[in-house]
Amino acid sequence: MDDREFEKILASAEQLRLREKEPEPWTDGYSDMNSMEKSMLLDELFALRKADKEREAKLLEKLDRMTEQLLALHESSQAQTKMIDDLKRMLSDRDALIEKLRKENAALKEQKKLSDKNRFDGKTQKLSSKNRGSDSREADKEDFDGSSTPGLPSEETGTDLPSSAERKEERPYRKGMSYKRMKANKSVCHDSDLSRLPKDAVVIKTFYKYSYEQVSYILEHQYQVIRYKQPDGKILEGYFPKAGGPDKIDVVPGTHASADFLAHLAFNHFVLNVPYYREMYRLNDHGMFLSRMTLTNWLEKGAGFTRGLVETLKNMAMEKDAIVNCDETWCKVKVQDRYRKRYIWCLVNREEKIVIYCYEEGSRSRDALKNILGDRQIQALQSDGYNVYMYLEDRLYDTEHLCCLAHARAKFVYAYEQGGDLNAKQMLEYIGWLYGQEDSYRQSGLTTEEITRQRNSLRTKDVIGRMRSFLNVLTSEGHPPRGDLMEKAANYLKNFWNQIFAYLKDGRYSIDNTIAERFIRPLAGERKNSLFFGSNRMANASAAYHTLISTCRANGISALAYLKKFFREVVKGRRDYENLLPMTIEINTNKL
């Protein structure tokens, strides 16, 4: 049905409604007709009326259909409007989801780069040579006069900070000289028989060529013990050496190992990280069978003699006004037939050259740290950002808590190398300048008072002020979005700003906690090679041995030589532990 027909129908319907409202006055137009004509006319009228009713019914039917179509169109329009709104909402949700996925994808890429970096590349925190820049000016070490700030980083141009590294000092007095680094504890000289030279040969020069041989074997000592009865009826036993024989039975109480043998077992396991099963193979090659349980029992018995020694070292390391560096690492311990994650604490007193390891039943909680420190009045404790150390801020009012700048630097290194954030490079330049100053202090041999004065100079304060302003910009609300690595680095530095830069207060403080990190590494090596401890007792034994070994290392003493001498004194019956410390037992320092 086209528009014209539709309009015609509407006009007819309108006329019908008008006629119903205003009917015309009735007039008899058929008065001049006879009955026959009227009858015929009525028939025609009835027929027309019938046709009109049929047309009207059809018209009403068409109107109903049109009304239904209009209603359907109206409902369809509303559905289309709702559908459009839903599509708009879906598009908005899609855009938000795409943005979220983009951020997650960027974070995953950063994590993958970091994982690949740690797996396939070097793990140094220093910038590579291509990222340092070409400018390698020497650090300005002259006194600051307040008129300018030479050698400081430029915020406008992003100039790299000058490196504090110097050329290796030339030593002309060493030219033409030779030296021998290799040296054995014992040597045997084999001289030549000059009488075997050819006849008329003239000797020009005599000299020695040397070679090294390792003599390794296990010797079983059998001491004849006599059991005898005294006149009073008492039965005793004893060893009565002959002339030239050993004066005493060389065996560590509770074991069948001599002092040197037990020292070698401890050195191999806790210094060389030789697992017990490899130690068993080594002993089997020497013709001696020794079970793993016997090995652990002997080492545990030996650790029992170190308890008083460790306690003495602990009291010395945390005496009043001491400065202690602290860190912790995890290990696996077999507890009730299950392997559980436990922790060992490491405390370092750099001034006294003492390293302490504490197992504390494997706990990493605040109570473990409180038990280690006790009521000792130490001056400062330096650590990482682990929240357990935060109790120092609330409970130990007289103890200064310092955090590690190296941890913050590592996070910015990851943000720059893995995330490609140039703001991280600028922050690394500031931190690198501070480390360069610390190197210059150490190389110049400054006293603690002079270091304190240099750390609080105008030049250093200016750099730290710039660093703080730049950090405020990075953490402001209006700053453009950045990657997850940069977000973590900036928030870490902001949250621990006061604890990190507390090292400026005293020249004895360290800029970072790397000394504790270095002494944690032996535990990581043991964890990698031995995998787990069989019990809490062996974890405590490991902490005791590592305490002695790391303290020897801090004092430049041979750990093997110390263990030998210590167990020899134990065999003699000595228990005066204050005279058996690595510093007091009278061992020559290790020159290597």
Side-chain angles (χ1 to χ4, degrees), residues 99 103 106-107 110 114 125-127 131-133 139-140 144 146 148-162 382-387 389-390 392-394 400-438 452 454-506 509-513:
E99 181 66 19
K103 291 182 179 179
E110 291 180 353
L114 180 60
Q125 296 180 0
K126 298 180 180 179
L127 291 176
N131 295 329
R132 289 197 187 103
D140 183 17
F144 177 63
S148 62
T149 55
L152 297 183
S154 172
E155 293 182 350
E156 292 80 8
T157 60
T159 305
D160 290 345
L161 287 165
Q382 189 167 24
S383 65
D384 53 21
Y386 180 42
N387 58 9
Y389 299 104
M390 294 300 106
L392 297 170
E393 308 289 336
D394 304 328
E400 185 79 37
H401 180 215
L402 293 85
C403 280
C404 177
L405 184 58
H407 280 75
R409 180 183 61 180
K411 295 180 185 297
F412 283 109
V413 168
Y414 294 149
Y416 175 60
E417 294 185 350
Q418 309 301 324
D421 197 311
L422 297 180
N423 291 326
K425 181 181 179 182
Q426 180 69 23
M427 191 64 74
L428 287 172
E429 291 174 355
Y430 289 122
I431 298 176
W433 188 87
L434 294 175
Y435 271 94
Q437 293 300 107
E438 295 296 317
T452 304
Q454 290 293 332
R455 285 176 174 176
N456 292 274
S457 63
L458 294 177
R459 182 169 56 176
T460 303
K461 288 184 177 180
D462 183 42
V463 173
I464 295 177
R466 291 188 188 185
M467 188 175 174
R468 181 65 188 187
S469 300
F470 188 56
L471 179 63
N472 291 336
V473 173
L474 291 177
T475 55
S476 60
E477 295 182 358
H479 193 274
R482 50 187 176 269
D484 289 343
L485 292 177
M486 187 61 184
E487 186 88 16
K488 293 178 181 178
N491 289 333
Y492 183 90
L493 183 59
K494 181 179 180 180
N495 294 334
F496 297 104
W497 179 272
N498 294 331
Q499 290 83 2
I500 288 175
F501 288 98
Y503 83 95
L504 303 174
K505 300 178 182 180
D506 195 325
Y509 294 165
S510 176
I511 192 173
D512 53 35
N513 198 37

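All residue numbers in this chain count up from 1 along the given sequence.
When side chains are defined from C-beta on, His401 counts as touching Ser383, because their heavy atoms get closer than 4.5 Å. Between Gln437 and Ile511 the shortest side-chain heavy-atom distance does not fall below 4.5 Å. In this structure, Asp506 and Glu400 have side chains that are not in contact, with every pair of non-hydrogen atoms separated by 4.5 Å or more. Using a 4.5 Å cut-off on side-chain heavy atoms (C-beta onward), Phe470 and Met427 make contact.
A salt bridge links Asp462 with Arg466; the closest basic N to acidic carboxylate O contact falls under 4.0 Å.
A pairwise comparison of heavy atoms in Leu485 and Gly419 identifies CD1-N, 4.3 Å as the closest pair. Counting all heavy atoms, side chain and backbone alike, Leu405 lies closest to Leu434 at CD2-CD1, 4.4 Å. Taking both residues in full, the closest heavy atoms of Met467 and Leu493 are given as CE-CD2, 3.9 Å, listed atom of the first, atom of the second, then distance.
Arg455 places no side-chain N or O within donor-acceptor distance of the main-chain N or O of Thr460, the cut-off being under 3.5 Å. Counting only distance, with no hydrogens or angles, the side chain of Asn456 and the backbone of Leu504 share a donor-acceptor pair below 3.5 Å.
Ring-plane geometry between Tyr492 and His407 is classed as parallel, the angle between the planes falling under 30 degrees on a 0 to 90 degree scale with a further cut at 60.
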### Message
Checking Tyr416 against Asn423 for the side chain to side chain contact (heavy atoms under 4.5 Å, CB included) test, could you report, in this order, the C-alpha distance in whole Å, the side-chain angles of both residues, the deciding distance, and whether it holds?
### Response
CA-CA 8 Å; Tyr416 175 60; Asn423 291 326; over 6 Å; no

### Message
Evaluate Tyr503 against Glu438 for side chain to side chain contact (heavy atoms under 4.5 Å, CB included), listing each step before the verdict.
### Response
CA-CA 11 Å; Tyr503 83 95; Glu438 295 296 317; 3.5 Å; yes

#### Entry: Evaluation steps, side chain to side chain contact (heavy atoms under 4.5 Å, CB included), between Met486 and Phe412
CA-CA 7 Å; Met486 187 61 184; Phe412 283 109; 3.8 Å; yes

